[in-house]
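Step one of this worksheet: look at the structure below.
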Amino acid sequence: MAVKTVLIVYAHQSAGSFNAAVKDAAVDVLKKQGCTVLVSDLYEIKFKATATEEDITGAVKNPEHFCYGEETMLAWQEGRLASDIVEEHKKLKEADLVIFQFPMYWFSVPAIMKGWIDRVLTLGFAYTSEKRYSAGIFREKKAMLSFTTGSHETMFSSNGINGDMNVTLWPVQNGVLNYCGFQVLAPQVFWAPTHLSAEARDSLLKGWRTRLQGLLSEAPLSFPPVDSFDKVKGFKLKPEVHDKQADSPFGLTVGHHLEKPLPPHSQMKAGV
């Protein structure tokens, strides 16, 4: 069996944090399995979060109206991207699995990690209008979110004050990971660790270590393939796909809900 490479994109300021302990556990367990583990410690390397002209070496094509996507695609094709982006591209090309490790900020990823997404998932390198979703460039790779929350699990339930975590996760898991073609593994959510005892946090880490043993062989979450949508009719769901869902009490996904109740846990568990 070929050696697997795992990239951990990590965003926390403190080596003494629970996020750091989660990241360290992943490095330890995966290395013991024989994996090559790469870590991009975004705060440590002071990763630039803003998508600007500085990401390109040499002249830009249209300085009067700078279009980041088009300009960076051209720079990528011509080998003129900034060195920090090139370095992350190398890691991403090698990776069989990417784990994003972070504390949830404002129902999303921290700004420095969003900057990694904006700058590293370059047009052409990570996606094109033809190569996305199930036809995506990274369809042979897996990716997942592993994160801590400040709120308790009950607060992120379908009747909790924060709303359903499945809805919260849709923009990143569908709109970033699935969009680029990744097979998206179920997220690892550490609920409100700051409110827990040291023993309870240790128990969470133990559960993570157990999951890591079989992580690379896990089945991914379900998303509709691109051929479920009609390109000619504005990429709307094909009538026959829509009709197949007619007898189901639930919509197809969180986003493709077809004005029905959302399929329960579909962004949290595989096979539902």
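- A salt bridge does not link Glu94 to Lys91: none of the charged side-chain nitrogens sits closer than 4.0 Å to a carboxylate oxygen.
- Residue Pro110 comes nearest to Tyr43 through the heavy atom pair CB-OH, 4.0 Å, listed as atom of the first residue, atom of the second, then distance.
- Between Tyr127 and Tyr179, the ring centre distance stays below 6.0 Å.
- A donor-acceptor contact closer than 3.5 angstrom is absent between the side chains of Ser108 and Lys114.
- Aromatic ring pairs are classed by plane angle as parallel below 30°, tilted from 30° to 60° and perpendicular above 60°; the pair Trp116 and Phe100 is perpendicular.
- Here CZ of Phe250 is found 14.5 Å from NE2 of His257. Values are rounded to the nearest 0.5 Å.
- Nearest heavy atom pair, residue Gly251 against residue Lys260, reads N-CB, 3.6 Å.
- Aromatic ring orientation, Phe223 versus Trp170: tilted (interplanar angle from 30° to 60°).
- Looking at Asp28 and Lys32, a side-chain N of the basic residue comes within less than 4.0 Å of a carboxylate O on the acidic one, giving a salt bridge.
- Gln101 and Asn19 share a side-chain donor-acceptor pair at under 3.5 Å.
- Two rings, from Phe229 and Phe235, have their centers 6.0 Å or more apart.
- Grouping Ile, Leu, Val, Met, Phe, Trp and Tyr by side-chain contacts under 4.5 Å, direct or through others, puts Met144 with Val6, Ile8, Tyr10, Phe18, Val22, Val27, Val29, Leu30, Val37, Val39, Leu97, Ile99, Leu185, Phe190, Leu196, Leu204, Leu205, Trp208, Leu212, Leu215, Leu216.
- At least one side-chain heavy atom of Leu145 sits under 4.5 Å from a side-chain heavy atom of Leu177.
- Qualifying side-chain contact (heavy atoms from CB on, under 4.5 Å) partners for Thr36, counting only residues two or more places apart in sequence or in other chains: Val3, Thr5, Leu38.
- A pairwise comparison of heavy atoms in His89 and Leu81 identifies CE1-CD1, 3.6 Å as the closest pair.
- Taking the side chain as every heavy atom from C-beta outward, Asp55 and Lys48 approach each other to under 4.5 Å.
- Between the side chain of Gln267 and the backbone N or O of Val167 there is no donor-acceptor pair closer than 3.5 Å.
- When all heavy atoms of Lys93 and Lys141 are compared, the closest pair comes out as O-NZ, 2.9 Å.
- Taking a cutoff of 4.0 Å between a charged side-chain nitrogen and a carboxylate oxygen, Arg119 and Asp84 qualify as a salt bridge.
- You'll find the side chain of Val254 stays beyond 4.5 Å of the side chain of Asn174, heavy atoms only.
- Closest non-hydrogen pair, Arg211 versus Ala186, comes out as NH2-O, 2.7 Å.
- Cys67 SG to Asn62 CG: the interatomic distance, rounded to the nearest 0.5 Å, is 6.5 Å.
- The backbone N or O of Gly214 sits less than 3.5 Å from a side-chain atom of Ser217, completing a donor-acceptor pair.
- Chaining together hydrophobic side chains whose heavy atoms lie under 4.5 Å apart places Ile161 alongside Met155.
- Side-chain contact between Leu92 and Phe138: present, with at least one pair of heavy atoms (C-beta onward) separated by less than 4.5 Å.
- Between Ala192 and Thr149 the shortest heavy-atom distance is N-OG1, 2.9 Å.
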